[in-house]
Amino acid sequence: MAADESLLLNISEDWTFPGFHRPEHKKFSRSVGAKERKGTPKQAKTTKRKFQGDNEGPPPKRKNEIFLVPAKKTDVKEVERTVKGKPEGLISPKKHPAVRTNEGQVERPFIKTSSLFKNNPEIPEIHRATVKQVREKVFTSDSFHELGLHPHLISTINSVLKMASMTSVQKQSIPSLLEGRDALVRSQTGSGKTLAYCIPVVQSLQAMKSRIQRSDGPYALVLVPTRELALQSFDTIQKLLKPFTWIVPGVLMGGEKRKSEKARLRKGINILISTPGRLVDHIKSTKNIHFRRIQWLIIDEADRILDLGFEKDITVILNAINAECEKRQNVLLSATLTEGVTRLADISLHNPVSISVSDETCDQRTKGYKIAGESGPLRTSAEPDGFAVPEKLQQHVTLVPSKLKLVTLAAFILGRCEFEKDHKLIVFFSSCELVEFYYHLFLQTLLGSSTAPASGQSPSASSRLKFLRLHGNMEQEERTAVFQEFSLSKSGILLCTDVAARGLDLPQVTWIVQYNAPSSPAEYIHRIGRTARIGCHGSSLLILAPSEAEYVNSLASHKINVSEIKMEDILSILATDDRFKARRWGNKKSRSVGPQEIRERATVLQTAFEDYVHASAERVSWAKKALQSFIRAYATYPKDLKHIFHVRSLHLGHVAKSFGLRDAPQNLNASLGNKRKSKPKRPDLHKKTQSKHRLAEILRSEYSSGMEAGDAKVKKQNKHGKPSNHALQS
Ligand SMILES: Nc1ncnc2c1ncn2[C@@H]1O[C@H](COP(=O)(O)OP(=O)(O)OP(=O)(O)O)[C@@H](O)[C@H]1O
């Protein structure tokens with residue numbers, strides 16, 4: 001199936017000197033009408049007629065090597081040469097054989113580039129009622145001194161963690177937990193839930209009459225869904241334990257050799273932080289693990305742990321603990337309390353206190369949500385019926401036809417990270433394959449590859465563009481390195497799956513971009529919650545296709561308000577970068593750039609992506625596999641979102657463009673048909689336990705314990721930043 005009819009542009013001559021001045025540019029007006037959105041038909045036709053004769057047949061063949069024109073200082077002569085013929089810049093399409101005309105001008109053959117702006121679906125107006133968002137006050141004016149903690153613990157909080165006053169959730173939770181109560185704790189993302197449980201655990205363990213010995217084994221067990229979160233929680237506990245050196249924390253998270261974990265278990269870990277899968281592995285295979293002295297069981301991101309089908313693992317863990325110790329304190333935490341958490345609470349909490357921070361419930365500790373029976377339902381009537389979103393988080397949505405999705409994302413990244421300072425972006429995708437694909441595509445095209453050092457940084461003018469990626473198919477060593485690098489970095493772009501959606505506290509993230517919509521409003525909340533933490537400012541952008549516009553209403557029904565950014569406004573950033581200038585607009589730098597030229601610049605950018613992908617059969621096959629992975633993930637939206645996200649509503653030819661493919665792969669439908677027989681499911685909270693177990697299998701690659709045999713992992717990126725062999729095969 002052809003992607004679309006073609007607009008023919010003299011792309012290879014479109015490249016000019018990549019100056020970084022910011023010419024005045026005209027933004028697309030918000031009132032761009034449907035007619036204008038579709039392009040100016042007359043102009044497009046003229047362009048087509050003009051160039052058609054020169055370009056029958058496929059684009060010229062290219063070598064397999066990565067194209068790149070390294071940025072270097074250029075003198076005036078060099079600039080002139082560049083303007084006349086050779087493309088130079090961060091994105092540099094393959095060079096085509098030059099032809100000299102009578103006038104001595106260098107002419108190049110034309111590249112056939114499908115029109116990005118024709119035959120797109122109409123972008124609907126977003127109509128939704130404005131909802132009142134649930135707000136929570138982050139900080140209180142109360143200090144930690146009021147809690148009656150050990151003075152050394154208070155001074156550690158003040159001097160090591162540099163915290164003076166408690167957050168609302170800490171003020172409400174810590175006293176209850178110090179009283180010995182079980183608890184179900186909900187407060188917005190980035191509000192300090194980690195310390196809300198860590199402080200009481202440390203306070204109670206350091207106060208034990210007979211001093212804890214390392215060889216005693218675990219007194220507290222903390223379960224978290226991902227390895228990065230395990231590391232992060234471990235780090236916090238380790239800091240709190242500074243004055244109490246006899247209490248030993250430890251983390252089990254997979255990716256490490258089982259032998260060394262066993263050795264650490266044998267020596268003794270008093271506060272054990274683990275992912276459920278990894279702990280179950282040890283319960284089944286490690287003699288030295290025991291739970292005789294467990295006094296605390298903490299399940300962080302409790303709803304996620306259930307979503308992932310870890311219920312079976314949790315049952316194994318609870319049975320193992322219950323068999324050895326009867327009485328302990330249990331705490332479940334999450335920013336999103338869902339039906340799943342209530343079920344988990346039913347099986348794991350005893351006479352719990354339910355703590356929920358919101359304007360309505362603030363300062364009103366609601367105690368005594370009793371379990372009607374050992375397996376009866378927990379009543380959580382005080383819960384607000386919407387999710388709380390940090391007050392300083394600006395949420396946006398943009399409606400983008402599939403064909404334009406890739407250039408819109410690239411323009412958005414360039415706009416934030418190249419032309420503005422100190423932006424830290426996280427971009428969420430729906431699968432590991434998509435993350436790998438776009439990571440390498442951006443690295444090779446937006447940065448140019450062969451001079452880019454292994455960290456993904458270029459010495460060129462685009463040095464502000466630093467791409468990193470994180471997903472469950474990477475080697476643990478690299479996952480940890482990326483997590484730490486992005487944490488410490490002041491700027492950069494992290495492409496990731498939902499493995500980074502929960503709990504991660506990455507400082508100073510300014511934007512969250514959701515390139516693929518999340519599978520539930522709860523996941524939306526957690527993804528955007530990686531910014532605007534602990535009272536800071538932050539923004540989010542959800543990219544939806546026109547056919548997915550209804551999702552905005554779905555979010556509104558959970559009291560989530562998003563405001564629209566027009567796609568044209570995102571693309572208008574291309575006006576500030578003359579690397580994308582089409583030649584026919586000349587070299588004058590002072591004139592303003594109109595909508596038609598921005599469309600052509602977007603086409604130049606798209607062409608660079610397509611050139612990269614079509615430079616070899618191997619890359620085309622890689623892009624096809626990424627496309628297939630996208631479609632597979634698209635088929636897994638839960639039933640209640642199927643009317644919005646349905647594979648049938650995808651235009652494959654258009655979607656293919658967002659993978660740099662010029663045409664929709666011919667055999668995709670057939671292969672999708674085969675997949676449908678064993679259709680994987682997304683997490684669906686309303687599904688029965690059995691289906692959750694199946695989910696666990698499907699999502700295992702993202703959240704695996706790291707012990708599975710034959711786990712296909714993405715090998716460390718080679719030093720040229722090229723797709724690794726595995727990435728090409730995945
Ligand atoms: N009392 C406090 N004063 C200042 N900063 C704090 C305080 N408590 C926690 N923080 C900081 O707030 C940030 C967010 O905390 P934390 O990660 O515990 O949030 P969370 O509620 O668990 O978020 P999520 O729901 O996303 O997991 C961390 O950087 C933490 O160090």
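Along the sequence shown, the residues carry numbers beginning at 1. Because only heavy atoms are used, hydrogens play no part in the values below, and waters and symmetry mates are left out as well, while side chains stay in. Just so you know, ligand 1 is whichever comes first in the structure, and atom 1 is the first atom listed for that ligand.
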side-chain contact (heavy atoms from CB on, under 4.5 Å) partner of I199, the single match among T156, L178, I174
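The single option meeting the side-chain contact (heavy atoms from CB on, under 4.5 Å) with I199 is I174.
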In terms of atom number and element, which parts of ligand 1 are under 4.0 angstrom from non-hydrogen atoms of [X]?
{"X": "S191", "answer": "19 (O), 20 (P), 21 (O)"}
{"X": "T167", "answer": "1 (N), 2 (C), 7 (C), 8 (N)"}
{"X": "F139", "answer": "2 (C), 3 (N), 4 (C)"}
{"X": "R530", "answer": "26 (O)"}

[X] and [Y]: side chain donor to acceptor below 3.5 Å:
{"X": "E523", "Y": "H526", "answer": "no"}
{"X": "R328", "Y": "Q295", "answer": "no"}
{"X": "H150", "Y": "Q203", "answer": "no"}

Does ligand 1 come near enough to [X] that some N or O of the ligand is less than 3.5 Å from an N or O of the residue?
{"X": "H526", "result": "no"}
{"X": "D505", "result": "yes"}
{"X": "S187", "result": "no"}
{"X": "G192", "result": "yes"}
{"X": "M166", "result": "no"}
{"X": "Q232", "result": "no"}

Write out the residue and atom name of the closest protein heavy atom to [atom], then the distance separating them to 0.1 Å.
{"atom": "atom 8 (N) of ligand 1", "answer": "Q170 NE2, 2.8 Å"}
{"atom": "atom 7 (C) of ligand 1", "answer": "M163 SD, 3.3 Å"}
{"atom": "atom 1 (N) of ligand 1", "answer": "S165 O, 2.8 Å"}
{"atom": "atom 18 (O) of ligand 1", "answer": "T194 OG1, 2.7 Å"}

Any idea which part of A164 is under 4.0 Å from ligand 1, heavy-atom wise: side chain, backbone, both or neither?
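None of A164 does.
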Classify the contact between F144 and ligand 1 as side chain, backbone, both or neither, using a heavy-atom distance cut-off of under 4.0 Å.
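F144 to ligand 1: side-chain contact only, backbone stays beyond 4.0 Å.
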Partner residues of H396 under the side chain to side chain donor-acceptor pair (under 3.5 Å) criterion, sequence neighbours left out
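Only S563 meet the side chain to side chain donor-acceptor pair (under 3.5 Å) criterion with H396.
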Suppose we screen for side chain to side chain donor-acceptor pair (under 3.5 Å). Which residues come up paired with S204, at least two apart in sequence or across chains?
W296
Considering [options] one by one, which has a heavy atom nearer to [atom] than any of the others?
{"atom": "atom 12 (O) of ligand 1", "options": "T189, I199, I534", "value": "I534"}
{"atom": "atom 24 (P) of ligand 1", "options": "S168, G190, C198", "value": "G190"}
{"atom": "atom 17 (O) of ligand 1", "options": "K193, R533, Q188, E301", "value": "R533"}

Determine whether R181 and Q329 satisfy the following criterion, side-chain hydrogen bond (donor to acceptor under 3.5 Å, both in side chains), listing intermediate values before the conclusion.
CA-CA 7 Å; R181 299 288 301 270; Q329 257 181 280; over 6 Å; no
Should D182 and V331 count as side-chain neighbours, where that means a heavy-atom distance under 4.5 Å?
no
Lys/Arg N to Asp/Glu carboxylate O, E301 vs R502, below 4.0 Å:
yes
Indicate yes or no: does K171 engage D142 in a salt bridge with an N to O separation below 4.0 Å.
yes
As a test of understanding, state which of Y439, Y438, F442, Y634 forms a ring pair (Phe, Tyr, Trp, His ring centres under 6.0 Å) with F429.
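It is Y438; the other options fail the test.
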Geometric cation-pi criterion, R416 with F412: 6.0 Å, 45°:
yes
